[in-house]
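A quick write-up on the structure given underneath.
Because the structure is a prediction, the values reported are computed rather than measured.
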Amino acid sequence: TVGATVGLAAARAGLRTLLIELEGRSNLGAPFGMDELSYETTEVDLAEPGIAGLFTKRITPDEALVDYLAGQNGLKAISARLARTNAVELITTTAPGIRDLLTLGKIRNLEQENEHDLIVVDAPAAGHAITFLQTAAGMAASARTGPLREQADQALQMLADPSRTRVMMVTLPEETPVTELIETASILEEKVGVRLAPVVVNGVWPIIDGLVAVADGPGARPAGAKSTKGVSAAKANQRDAAVYRLARQRAQQDEIERLAAELPLPQIILPFLFATTIDRTAIDTLASAFTDGAERIGEIQP
């Protein structure tokens, strides 16, 4: 959801943007009404005049390997033959980490082509993300020379350069996700060496004015009471809803403040959407909120 949000916000800000889905696991194109994404770069039909292009692409290690071999002198015929057999999967699973390194290598190639102003990679969740980003360092340590070492060194250069790569972490304003994000951020900075972007806090319930007055109004229920004499059922239900909403808002705010205290990075707040699906309308709302947040912290100019 946030990957699609960032992509749309960037395109609206005038950046030709490429959204990358890894191994087709995130359903990144769904909010734009697209089916399963392709390895071929595809432009999203945003139906907004004057907007910079938004493009999508799915990267799998198998396709990345065939693509890599096709670009090497004398190996184009071999890559075509591998593509017609099951040998590609065998190769990409032979050496630990080679799948992630191939993916990183393809991302780096796309960055070097300079066809897009921004590439947004919808990366794996916390545990796999750390492994994914540490792959290059592991390969560089184990392979002294050869193509793997060259690929690893080039990936490390990309990851270590904050003008080329930043990791934008996403969390929910809840205890366990916030704790996990703080721990992951520490590992990414210390062991991977990437620069962290502002943190996105997703699913934050918007503040509603007047809730305190409703919750503390006449006829408020004593703790544990099932009803209050002289108060209509509708009024009682309104009070219950206000009490619940206030408790949820306060709990979320506590976690947002804890995150700010333990991880001093700027935060971009995205609202919780009371919807059953995240469609284009929802992404429009989130993209506007993202842009407002990015402008507030000075990441982009109004």
Side-chain angles (χ1 to χ4, degrees), residues 16-25 37-41 55-124 126-168 184 187-197:
R16 184 179 170 89
T17 303
L18 174 63
L19 280 175
I20 293 180
E21 175 182 270
L22 300 185
E23 300 200 58
R25 291 180 291 190
L37 300 187
S38 168
Y39 189 72
E40 300 299 323
T41 301
F55 303 83
T56 63
K57 186 181 188 70
R58 183 199 68 226
I59 294 180
T60 68
D62 297 350
E63 290 167 313
L65 175 60
V66 172
D67 203 7
Y68 170 76
L69 293 176
Q72 304 301 305
N73 291 332
L75 295 180
K76 188 171 184 179
I78 294 177
S79 70
R81 179 172 297 181
L82 287 174
R84 295 193 298 267
T85 69
N86 294 325
V88 171
E89 185 176 356
L90 176 63
I91 294 173
T92 58
T93 56
T94 299
I98 194 171
R99 295 176 65 84
D100 289 339
L101 184 62
L102 286 167
T103 300
L104 281 171
K106 182 58 182 177
I107 294 170
R108 186 191 61 81
N109 288 341
L110 290 168
E111 182 240 359
Q112 291 294 295
E113 290 172 359
N114 289 322
E115 292 186 5
H116 303 91
D117 302 310
L118 178 68
I119 297 176
V120 179
V121 180
D122 190 15
H128 188 191
I130 295 172
T131 303
F132 175 70
L133 293 172
Q134 284 184 311
T135 295
M139 282 293 182
S142 61
R144 295 185 177 182
T145 59
L148 284 180
R149 177 57 186 264
E150 181 181 357
Q151 287 287 319
D153 287 343
Q154 292 174 346
L156 285 173
Q157 292 172 9
M158 178 183 70
L159 294 175
D161 187 345
S163 69
R164 299 170 67 189
T165 303
R166 297 173 76 187
V167 174
M168 175 170 281
T184 302
I187 295 173
L188 289 175
E189 287 187 315
E190 295 176 8
K191 295 186 177 182
V192 180
V194 295
R195 177 74 63 84
L196 298 181

Inset, instruction - List for me each residue that meets ring-ring contact (aromatic ring centres under 6.0 Å, His included) alongside F132, sequence neighbours excluded, and say none if there are none. - result: none
Set of residues satisfying salt bridge (charged side-chain N to carboxylate O under 4.0 Å, His left out) with respect to [X], sequence neighbours excluded:
X: R164; value: E111
X: K57; value: none
X: R166; value: E299

Inset, instruction - Could I get the full list of side chain to side chain donor-acceptor pair (under 3.5 Å) partners for E113, not counting sequence neighbours? - result: none
Legend entry - Under the side chain to side chain donor-acceptor pair (under 3.5 Å) test, residues paired with D153 that sit two or more places apart: R149
Rounded at 0.5 Å granularity, tell me how far [atom1] in [X] sits from [atom2] in [Y].
X: I20; Y: L37; atom1: CD1; atom2: CG; value: 11.0 Å
X: L156; Y: L133; atom1: CG; atom2: CG; value: 10.5 Å
X: L18; Y: E115; atom1: CG; atom2: CD; value: 9.0 Å
X: K106; Y: L104; atom1: NZ; atom2: CG; value: 13.5 Å
X: T56; Y: E40; atom1: OG1; atom2: CD; value: 11.0 Å
X: I107; Y: L102; atom1: CD1; atom2: CG; value: 11.0 Å

Inset, instruction - Determine, step by step, whether I59 and L110 satisfy the side-chain contact (heavy atoms from CB on, under 4.5 Å) criterion, reporting the C-alpha distance in whole Å, the side-chain angles of both residues, the deciding distance to 0.1 Å, and the verdict. - result: CA-CA 11 Å; I59 294 180; L110 290 168; 4.0 Å; yes
Legend entry - Heavy-atom pair with the smallest gap, counting every atom of A155 and R108: N-CD, 4.1 Å
Legend entry - Heavy-atom pair with the smallest gap, counting every atom of L101 and A136: CD1-CA, 4.3 Å
Inset, instruction - List for me each residue that meets side-chain contact (heavy atoms from CB on, under 4.5 Å) alongside I187, sequence neighbours excluded, and say none if there are none. - result: I130, K191
Got a list of side-chain donor-acceptor pairs under 3.5 Å for residues 116-123, not counting sequence neighbours?
{"residue": "D117", "atom": "OD2", "partner": "R16", "partner atom": "N", "Å": "2.7"}
{"residue": "D122", "atom": "OD2", "partner": "S26", "partner atom": "OG", "Å": "2.9"}

